[in-house]
Amino acid sequence: MARTAPQSTQVTPLARSFYDRDVVTVARALLGKLLVRTVRGRRTSGRIVEVEAYLAEGDSACHSFRGRRPRNAAMFGPPGCAYVYSIHARYCMNVVTEPAGVASAVLIRAIEPIEGVASMERRRGTEARRDLARGPARLCAALAIDRTLDGHDLTCGDSLWIAGGPDPDGVVTTRRIGVTSAKELPLRFLVAGSRFVSGTRRQNEPAV
DNA sequence: CTACCGATTGACT
DNA sequence: GTCAATCGGTAGA
């Protein structure tokens, strides 16, 4: 086998059963995992450090709250697929959870860049490592994620997937950022102490 | 068709 | 901390 750069992290995609669980369980379990993106054989990746859960029921901030639409169709599909949408002329990426028809998802809000930092810098137009993927739309820009990946199956290990990683030492729970309804729900989860999370100091104070 | 608006970001005080 | 650019999706005339 050809010699390759040493890989410190396993890159086998997580199985569908990982995603076919309660959305909050999946959200917390995603912290520490490796988000992997390949473009023309070149890999970029990062450790997930910030996520938000969006509930299938009783969550007015969830895109599925007012029913199925063309835009949110992926949320109603099987678990383990991506839901990519645009807002304010940017892209954001979610992971669909729970059985098909239960329209819940986890928004990936920030990663700590691990591989392909130079590619991320080029795509983002900055060399500030902390800012490369701190925020859901910055993350998508850094990994070249757009709506062509809406509905993409994350369990195949092709183009875009999630692999295992070390569980964080601590998790902070806060309210979600930017939502204009259901603001009070404690559904944002951060790797404690990570400098790669978004939000202000106050927004990152524990809410529960 | 037009009008409104958001799970954001970056520039600025 | 404040503020507005940006544009696709959706609702409504």
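First the proteins, then the strands, lettered A, B, ... as listed; each starts at 1. Both backbone and side-chain heavy atoms feed into the values below; hydrogens, waters and symmetry mates do not.
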Taking the nucleotide of DNA chain B with the closest heavy atom to each, which residue, A/I177 or A/D131, is nearer the 5' end?
-> A/I177
Under a 4.5 Å cut-off applied to non-hydrogen side-chain atoms, are A/T173 and A/R28 in contact?
-> yes
Sorted by chain and number, sequence neighbours left out, salt bridge (charged side-chain N to carboxylate O under 4.0 Å, His left out) with A/R122 holds for none
What's in the same ILVMFWY side-chain cluster as A/F65, cut-off under 4.5 Å, chained through other members?
-> none
Identify whether any heavy atom of A/A137 sits under 4.0 Å from a base atom; if not, whether one sits that close to sugar-phosphate; answer base, sugar-phosphate or nothing.
-> sugar-phosphate
Answer yes or no: does a side-chain N or O of A/R109 lie under 4.0 Å from OP1 or OP2 of B/dT8?
-> yes
Is there side-chain contact between A/L35 and A/M93, with heavy atoms separated by less than 4.5 Å?
-> yes
Whole-Å distance, A/I108 CD1 to B/dT8 P, equals 14 Å
Summarise how protein sits on nucleotides 3-9 of chain C as a single string, 5' to 3': B when a protein heavy atom is under 4.0 Å from the base, S for sugar-phosphate-only contact, - for no contact.
-> ---BSSS
Only counting residues at least two apart or in another chain, list the ones meeting salt bridge (charged side-chain N to carboxylate O under 4.0 Å, His left out) with A/R134.
-> A/D131
Please give, in whole Å, the distance from B/dA7 C1' to A/E50 CD?
-> 11 Å
Stem regions touching DNA chain C, defined by at least 3 consecutive Watson-Crick or wobble G-U pairs below 3.5 angstrom | B:1-6 with C:7-12, B:8-12 with C:1-5
Return the value, rounded to whole Å, for the distance between atom CZ of A/R68 and atom C1' of C/dA11.
-> 20 Å
Side-chain cluster (under 4.5 Å, hydrophobic types only) that A/V179 belongs to, other residues | A/Y54, A/M75, A/F76, A/Y83, A/Y85, A/I87, A/V96, A/L107
Sort me out a list of protein N/O and nucleotides 2-4 of chain B N/O pairs below 3.5 Å, or just none if empty.
none

Using the C1' atom as the reference point in each nucleotide, state the distance between B/dC4 and C/dA4 in Å, no decimals.
-> 16 Å
State, with a plain yes or no, whether a side-chain heavy atom of A/L143 is found less than 4.5 Å away from one of A/I111.
-> yes
To the nearest Å, how far apart are A/I145 CD1 and B/dA7 C1'?
-> 15 Å
Reckon A/R124 touches a base, only the sugar-phosphate, or nothing at all at heavy-atom distances under 4.0 Å?
-> sugar-phosphate
Side-chain atoms of residues 183-195 of chain A: list all donor-acceptor pairs with protein atoms under 3.5 Å, sequence neighbours left out, distances to 0.1 Å.
unit_1: A/R188; atom_1: NE; unit_2: A/E50; atom_2: OE2; d: 2.8
unit_1: A/R188; atom_1: NH1; unit_2: A/T174; atom_2: OG1; d: 3.0
unit_1: A/R188; atom_1: NH1; unit_2: A/Q203; atom_2: O; d: 3.2
unit_1: A/R188; atom_1: NH1; unit_2: A/N204; atom_2: OD1; d: 2.9
unit_1: A/R188; atom_1: NH2; unit_2: A/E50; atom_2: OE2; d: 3.1
unit_1: A/R188; atom_1: NH2; unit_2: A/S198; atom_2: O; d: 3.0
unit_1: A/R188; atom_1: NH2; unit_2: A/N204; atom_2: OD1; d: 2.7
unit_1: A/S194; atom_1: OG; unit_2: A/F196; atom_2: N; d: 3.0

Nearest-Å distance, CZ (A/R134) to P (B/dT8)?
-> 14 Å
Please state how far atom CG in A/L132 lies from atom P in B/dT9, giving the value in whole angstrom units.
-> 13 Å
May I ask you to verify if any side-chain N or O of A/T180 is less than 4.0 angstrom from the OP1 or OP2 atom of B/dA7?
-> yes
Roughly how many Å is it from CG in A/L139 to P in B/dG10, rounded to a whole number?
-> 13 Å
Got a sec, which residues hit salt bridge (charged side-chain N to carboxylate O under 4.0 Å, His left out) with A/D150, two or more places apart in sequence or on another chain?
-> A/R147
Report the residues that fulfil salt bridge (charged side-chain N to carboxylate O under 4.0 Å, His left out) with A/R47, sequence neighbours left out, ordered by chain and then residue number.
-> none
Just how far, in rounded Å, is C1' of B/dG6 from CD of A/E52?
-> 14 Å
Within residues 59-77 of chain A or reaching into it, pairs that qualify as salt bridge (charged side-chain N to carboxylate O under 4.0 Å, His left out) - sequence neighbours excluded | A/D59-A/R176
Within the stacking criterion (centroid distance below 5.5 Å, interplanar angle below 30°), does A/Y85 stack on B/dA7?
-> no
May I have the list of side-chain donor-acceptor pairs in residues 154-162 of chain A shorter than 3.5 Å, sequence neighbours left out?
unit_1: A/T155; atom_1: OG1; unit_2: A/R16; atom_2: NH2; d: 3.0
unit_1: A/T155; atom_1: OG1; unit_2: A/D153; atom_2: OD1; d: 2.8
unit_1: A/W161; atom_1: NE1; unit_2: A/V11; atom_2: O; d: 2.7

